[in-house]
Amino acid sequence: MASIVVLGAGIGGMSVAYELRALLGREHAVTVVGEGGQFSFTPSNPWVAVGWRKPSDIQIGVRPHLAKKGIGFEEAGAEQVLPERNTLRLRDGRELPYDYLVVTTGPRLAFDEVPGLGPEGGFTQSICTTAHAHTAWEVYQEFLKDPGPIVVGAAAGASCFGPAYEFAMILDADLRKRKLRDRVPMTYVSPEPYVGHMGLGGVGDSKGLLESEFRQRHIKWITNARITRVEHGVVHADEMDARGQLLQSHALPFKYSMVLPAFTGVDAVRSAREMCNPRGFVLIDAHQRNTKYPNIFSAGVCVAIPPVEPTPVPTGAPKTGFMIESMVTAIAENIAAELAGKPADRVATWNAICLADMGDTGAAFVALPQNPPRNVTWARVGKWVHLAKIAFEKYFLAKMKSGNTEPVYEKYVLKALGIMRLK
């Protein structure tokens, strides 16, 4: 009997645990190690930050749902991966041996790379975690009593730009509903070389589409921008030219600000330096397998993916939800194949699908595959996207409760669109 440990109980971790159990049956042990006992549907965090959702609306208890599938759960969190010993040390001092380790931790939020950034000791808000989004909602309620300028954006090196666009437009929609929009100048600040780059070199006409949406909503923007520091009520950013030379320095006043940080690998993983790149992301081959330790696999935001293209201010490549699910399927099938004595040759498609809500409408971006040149690339705006994201939230939470690894939505609808998990 093999022991498989999954490090991380988020979208990737829960999904891979369910898929492993479905493929392997009860013959092998599967254990998930998480940070606390709650699963959060991260894509709904922007709604939490404006009070459109409560944290309890997008969270479920992990242990009982995994237990129904015979999957173990440890909520103490990980202290250190010890790959030479095939062991995971937990924060309570215990050690968990494994035959296979699947790393799906998500990222460490590198607020410390910009002085004054972040909700913990800084002056800006975050929607990267549900706890942060709830704090952002509490601060937003105070802001509504005396509104003023808003700055939304991302720090240099950030890789997940969709939520920043989404949150800027959700704030716009919420303030219009409250009849306060006329009192709130808004600015979007980003390291992207242009609006709609998204760390992907653009998706379809994402540049024209998002510029048009910003103009209609009176949201100004500054791109090629490196946020250098944040003080109480002021974001300082250097705008660079196409050669990376200083073009202009900006001091942007705000009464409310949400800035996405750059990411690194989490401490427990990046301490195992031989399995990671200098930023602490797990190095993988085409089969999601670590290049140093063949019994370690990884999926999601914690994997090392080079930028799609060089940019004057550093940007990273995003890892979207369906892209993560394709990685997860490849991992589960590769581990199952190896345990059966077969070649572990499954390759994920890495297709990118992003549904960005705008409050009363939304934008959808599809890139197949994520990195250019692509077979399919398009961007669309419409109310259907807003409705689709609501439906996707309900579908995914139901999936995490049931442990169904491929519901009808994925089995038929996505396949009809030519969107597959594996090559």
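Along the sequence shown, residues are numbered consecutively beginning with 1.
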Chi angles and distances behind the salt bridge (charged side-chain N to carboxylate O under 4.0 Å, His left out) call for R176, D360: CA-CA 11 Å; R176 281 188 280 114; D360 45 9; 3.7 Å; yes
Stepwise side chain to side chain contact (heavy atoms under 4.5 Å, CB included) test for I305 and M323: CA-CA 12 Å; I305 299 179; M323 180 183 176; 3.5 Å; yes
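- Side chains of E274 and Y293: a donor on one and an acceptor on the other come within 3.5 Å.
- The structure places CD1 of I58 at 4.0 Å from OG1 of T130, a figure rounded to the nearest 0.5 Å.
- Between N295 and N86, the side chains place a donor N or O and an acceptor N or O closer than 3.5 Å (distance only, hydrogens not considered).
- Geometrically, K255 does not engage F123 in a cation-pi contact, judged by NZ or CZ lying under 6.0 Å from the ring centre and within 45° of the ring axis.
- Counting only N and O atoms by type, the side chains of E309 and H197 include a donor and acceptor under 3.5 Å apart.
- Using a 4.0 Å cut-off between a side-chain N of Lys or Arg and a carboxylate O of Asp or Glu, R91 and E74 do not qualify as a salt bridge.
- Side-chain atoms of V259 and V152, non-hydrogen and from C-beta on, never get closer than 4.5 Å to each other.
- In terms of heavy-atom proximity, P149 sits nearest to P253 at CB-O, 3.4 Å.
- Atom NZ of K220 is surrounded by 12 or fewer heavy atoms from other residues, nucleotides or ligands within 6.0 Å.
- Using the six-membered ring where Trp is involved, Y140 and W137 have ring planes that are tilted, between 30° and 60° apart.
- Between the side chain of N290 and the backbone N or O of P294 there is no donor-acceptor pair closer than 3.5 Å.
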Verdict with reasoning, F143 to V184, per side chain to side chain contact (heavy atoms under 4.5 Å, CB included): CA-CA 10 Å; F143 164 84; V184 181; 4.0 Å; yes
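- Y18 contributes a side-chain N or O that, together with a main-chain N or O of M400, makes up a donor-acceptor pair within less than 3.5 Å.
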Working for side chain to side chain contact (heavy atoms under 4.5 Å, CB included), residues T129 and T42: CA-CA 7 Å; T129 70; T42 305; over 6 Å; no
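- Between the side chain of S40 and the main chain of Q59, no donor-acceptor pair closer than 3.5 Å is present.
- The closest side-chain heavy-atom distance from V366 to V203 is not below 4.5 Å.
- Shown here for G106 and V301, the closest heavy-atom pair between the two residues is CA-CB, 4.3 Å.
- Of all the heavy atoms in Y98 and P83, the pair that sits closest is OH-CA, 3.5 Å.
- The shortest side-chain heavy-atom distance between Q245 and M240 does not fall under the 4.5 Å cut-off.
- With no hydrogens or angles considered, no side-chain donor-acceptor pair links T87 and E95 at under 3.5 Å.
- When every heavy atom of A317 is checked against every heavy atom of P306, the shortest pair comes out as CB-O, 3.8 Å.
- Considering only heavy atoms from C-beta on, I335 comes within 4.5 Å of F297 through its side chain.
- Between V328 and E19 the shortest side-chain heavy-atom distance falls below 4.5 Å.
- Of the N and O atoms on the side chains of S257 and T124, not one donor lies less than 3.5 Å from an acceptor on the other residue.
- Between the side chains of H386 and D357, at least one donor-acceptor pair of N or O atoms lies under 3.5 Å.
- One N or O on the side chain of S206 and one on the backbone of G196 form a donor-acceptor pair closer than 3.5 Å.
- The CD1 atom of I170 sits 15.0 Å away from the OH atom of Y165 when rounded to the nearest 0.5 Å.
- One N or O on the side chain of T329 and one on the backbone of E325 form a donor-acceptor pair closer than 3.5 Å.
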List, one per line, each side-chain donor-acceptor pair under 3.5 Å for residues 2-14, sequence neighbours excluded.
none

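- Because its NZ or CZ atom is both nearer than 6.0 Å to the ring centre of W47 and within 45° of the ring axis, K389 counts as a cation-pi partner of that residue.
- A donor-acceptor contact shorter than 3.5 Å links the side chain of S298 to the backbone of V103.
- Between E393 and K399 there is no salt bridge, since no side-chain N of the basic residue sits under 4.0 Å from a carboxylate O of the acidic one.
- Distance CG/L23 to CG/N334: 10.5 Å, rounded to 0.5 Å.
- A side-chain donor from one of D238 and S249 sits under 3.5 Å from a side-chain acceptor of the other.
- When side chains are defined from C-beta on, L397 does not count as touching D57, because their heavy atoms never get closer than 4.5 Å.
- Annotation: F281 is not in aromatic contact with F263 [ring centroid separation under 6.0 Å not met].
- Contact check for F39 versus H65: no side-chain heavy atoms found under the 4.5 Å cut-off.
- Distance check, rounded to the nearest 0.5 Å: NE2 of H134 to CD of E138 gives 4.0 Å.
- The shortest heavy-atom contact between L260 and C128 is CD2-SG, 3.9 Å.
- Considering only heavy atoms from C-beta on, I353 stays 4.5 Å or farther from F365 through its side chain.
- Checking S44 against R53 by side-chain atom types alone, no donor-acceptor pair falls below 3.5 Å.
- The two residues A49 and F167 make their nearest non-hydrogen contact at CB-CE1, 3.5 Å.
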Stepwise side chain to side chain donor-acceptor pair (under 3.5 Å) test for R279 and T264: CA-CA 5 Å; R279 294 285 290 177; T264 72; 5.8 Å; no
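- R346 and E338 are not joined by a salt bridge, as no carboxylate oxygen comes within less than 4.0 angstrom of a charged side-chain nitrogen.
- In this structure, CD1 on I227 lies 12.5 Å from CD on E113, to the nearest 0.5 angstrom.
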Salt bridge (charged side-chain N to carboxylate O under 4.0 Å, His left out) assessment of R229 paired with E231: CA-CA 7 Å; R229 71 185 190 279; E231 299 172 344; 3.2 Å; yes
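- At a cut-off of 3.5 Å, with distance as the only test, a side-chain donor of S212 or Q216 sits close to an acceptor on the other residue.
- The line from OG1 of T291 to CG of L283 is 4.5 Å long, rounded to the nearest 0.5 Å.
- T135 and Q125 form no side-chain donor-acceptor contact under 3.5 Å, judged by distance and modelled atom types alone.
- Judged by distance alone, the side chain of T361 and the main-chain N or O of G382 form a donor-acceptor pair under 3.5 Å.
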Evaluation steps, side chain to side chain contact (heavy atoms under 4.5 Å, CB included), between L144 and L175: CA-CA 9 Å; L144 293 172; L175 290 166; 3.9 Å; yes
